[in-house]
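These notes are about the structure you will find just below.
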Amino acid sequence: MSHGSHTALRVFRSGGVARVVLDHPPVNTLDITMLRDLKQFVEEAEKDTSIKVVVLESADPEFFAAHADMNWMLDPGELFDLADPEADPALNPLQQLHERFRALPQVTIAKLRGRLRAGGVELAMAADMRFAAKGLTWLGQPETRMGIFPGGGGTQYLNRLVGRARSIEIVLSADLYDTDLAELYGWINRALPPEELDSYVDALAQRIAALPEGVAAAALAAIDAAEASGPVPALAEESRAHARVYPSPPEVVERARRGLEAGAQTREGEIDLEALLDKVANPTP
C-alpha cells in the first residue's frame, strides 16, 4: 500500500515498515523536486508512530541517487531557497534534509544498487545502516573534481563511518569505490549477492519492526551515547568551510557548466562521471 503524494519517489507500507523508492529519471538527481518530496516524507514520518523502520531504495538498478543537482553550481540561489525554517539555520539545505532524515525516530536502512555519488552518498550515509548489491553498487565523492568538496554532511558522516585517513582518501581522490572496498572500509555494512539483497533487508526490517515498543529506539540511544561528542559534532563547521568554496568562483562555475554540457546528469554521462569531470577540468586546446 502506498501513501502520500509525491513526484520523485513512491512510499509503500507493509506493517511497520515504510519503503521509500526513489523514482526520478533519468538518474535520481537530488534536485528541487526530489528534495521537496524527501522533506515531505520526513515530515510525515516524524509524526507517524506506526512506522518503525524506513527502507530507502531506488526504482533504477543503475542509479541509487546520482548526486545533487549540478545546476546549483550555476545558480546557488535555488538551493538556498530550499532552506528549512524548522531546521538549524547554520546548516545548508542539503545538510538540513540529511540531518532530519538521520534524526528520524525510526530505524533507517539504505538498500543500495547502482551508482551513488556526492549528495546521493550523503543521503545514504544519513541512514542507520547501508546494505549493497555486491558488484553492482559504486559509491563516490567526486566533488573535488568540480573544485568544491562534500558539503551535504559528507565530511562528517564519512569520518564517523570510515575514520579520518580513509575519509581524506575518499574525498581527495574523488574516485568511484566498488562494494568490496566500501565494505572493507566500513562505508557500507555489508555487500550481499544481488539476488539476496532484497530478502535480507526485508527480513531485517520486519524483524526490527516487530520488536517490543521502544526497544529499538532505546538501543540506538545507547549506541549513539558511545560517541561522547555527539553523533555528528561539526556539521556547522562543515557548512562554514564549504562556504569558502561554494558559491564558487567563475572558473569553477564554468567547469560545472562544461560538465553539464558534456553529459553530466544524463545516463550516459553518469556511468563514468569521474572521467567526464576530469575531461572538462582539463580541456584539450
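Just so it is clear, the model here is predicted, and its values are computed rather than measured.
Judged purely by atom type and a 3.5 angstrom limit, E46 has no side-chain atom pairing as donor or acceptor with the backbone of L104. For T179 (side chain) and G135 (main-chain N/O), a donor-acceptor pair under 3.5 Å exists by modelled atom type. With hydrogens and angles ignored, the 3.5 Å screen pairs a side-chain donor or acceptor of T266 with a backbone N or O of G269. The closest donor-acceptor contact from the side chain of R190 to the backbone of A132 lies at 3.5 Å or more, if one exists at all. Distance alone, capped at 3.5 Å, places no donor-acceptor pair between the R19 side chain and the V11 backbone. A donor-acceptor distance shorter than 3.5 angstrom exists from the side chain of D37 to the backbone of T7, with no hydrogens or angles considered.
Residues forming a side-chain contact (heavy atoms from CB on, under 4.5 Å) with A275 (at least two apart in sequence, or on another chain): D272. For F131, the ring-ring contact (aromatic ring centres under 6.0 Å, His included) partners two or more places apart in sequence, or in a different chain, are Y200. With sequence neighbours left out, Y177 forms a ring-ring contact (aromatic ring centres under 6.0 Å, His included) with W187.
By the 4.5 Å heavy-atom criterion applied to side chains, V21 and S58 are not counted as neighbours. By the 4.5 Å heavy-atom criterion applied to side chains, R13 and D48 are counted as neighbours. Side chains of H67 and L273 form a contact here, defined as non-hydrogen atoms less than 4.5 Å apart. Here the side chains of P25 and D23 are in contact, with some heavy-atom distance below 4.5 Å. In this structure, the side chains of V17 and Q206 come closer than 4.5 Å at one or more pairs of heavy atoms. Between F64 and L22 the shortest side-chain heavy-atom distance falls below 4.5 Å. Residues K39 and L82 have side chains not in contact (no heavy-atom distance under 4.5 Å, counting atoms from C-beta outward). Between E270 and P26, every side-chain heavy-atom pair lies at or beyond the 4.5 Å cut-off.
With values rounded to the nearest 0.5 angstrom, I148 atom CD1 is found 6.0 Å from E143 atom CD. Taking CG of L112 as the start and NZ of K134 as the end, the distance is 14.5 Å to the nearest 0.5 Å. Remark: N71 CG to I32 CD1 distance equals 11.5 Å, nearest 0.5 Å. Between L35 atom CG and E78 atom CD the span is 10.0 Å, to the nearest 0.5 Å. Here CG of L123 is found 7.0 Å from CG of L97. Values are rounded to the nearest 0.5 Å. If you take CG on D84 and CG on L91, they are separated by 10.0 Å, rounding to the nearest 0.5 Å.
Atom CD of E251 has more than 12 heavy atoms from other residues, nucleotides or ligands within 6.0 Å.
Under the 4.5 Å side-chain contact rule for hydrophobic residues, I168 and L176 do not share a cluster. Hydrophobic cluster membership is shared by L38 and L116, with clusters built from Ile, Leu, Val, Met, Phe, Trp and Tyr side chains linked at under 4.5 angstrom. Cluster membership for L192 and Y185, using ILVMFWY side-chain heavy atoms within less than 4.5 angstrom, is not shared. Put simply, M129 and M125 are part of two different groups of oily side chains (I, L, V, M, F, W, Y) that touch within less than 4.5 Å, one to the next.
D69 and T29 share no donor-acceptor pair across their side chains, judged by distance under 3.5 Å alone. Between T108 and R102, the side chains place no donor N or O within less than 3.5 Å of an acceptor N or O (distance only, hydrogens not considered).
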Worked verdict on H24 versus D31 for side-chain hydrogen bond (donor to acceptor under 3.5 Å, both in side chains): CA-CA 10 Å; H24 190 38; D31 60 8; 2.8 Å; yes
side-chain contact (heavy atoms from CB on, under 4.5 Å) assessment of K111 paired with L56: CA-CA 6 Å; K111 183 167 64 174; L56 185 65; over 6 Å; no
side-chain contact (heavy atoms from CB on, under 4.5 Å) between I170 and L158, intermediate numbers included: CA-CA 9 Å; I170 289 167; L158 263 175; 3.7 Å; yes
side-chain contact (heavy atoms from CB on, under 4.5 Å) assessment of Q156 paired with H98: CA-CA 12 Å; Q156 303 304 297; H98 296 154; over 6 Å; no
Pair D75-F80, side-chain contact (heavy atoms from CB on, under 4.5 Å): steps then yes or no: CA-CA 10 Å; D75 180 13; F80 293 125; over 6 Å; no
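Between R166 and E169, none of the side-chain N atoms (NZ, or NE/NH1/NH2) sits under 4.0 Å from a carboxylate O, so this pair counts as no salt bridge. The pair E261-R257 does not count as a salt bridge, with every side-chain nitrogen at least 4.0 angstrom from each carboxylate oxygen. A salt bridge links R117 with E274: at least one charged nitrogen is closer than 4.0 Å to a carboxylate oxygen. The pair R100-D88 fails the salt-bridge criterion, with no side-chain N (NZ, NE, NH1 or NH2) lying under 4.0 Å from an Asp/Glu carboxylate O. Ion pairing between R113 and D60 fails under the 4.0 Å rule for side-chain N and carboxylate O. Looking at R267 and E62, a side-chain N of the basic residue comes within less than 4.0 Å of a carboxylate O on the acidic one, giving a salt bridge.
In terms of heavy-atom proximity, L276 sits nearest to A262 at CD1-O, 3.5 Å. Minimum interatomic distance between R258 and V280 (heavy atoms only, all atoms of both residues): NH2-O, 2.5 Å. Nearest heavy-atom pair across A127 and A110 is CB-N, 3.9 Å. Closest heavy-atom contact between M70 and A264: SD-CB, 3.5 Å. Considering all non-hydrogen atoms of both residues, A205 and V53 come closest at O-CG2, 3.5 Å. In terms of heavy-atom proximity, R145 sits nearest to S173 at NH2-O, 3.5 Å.
The one candidate from L211, L204, I208 that meets the side chain to side chain contact (heavy atoms under 4.5 Å, CB included) condition with V107 is I208.
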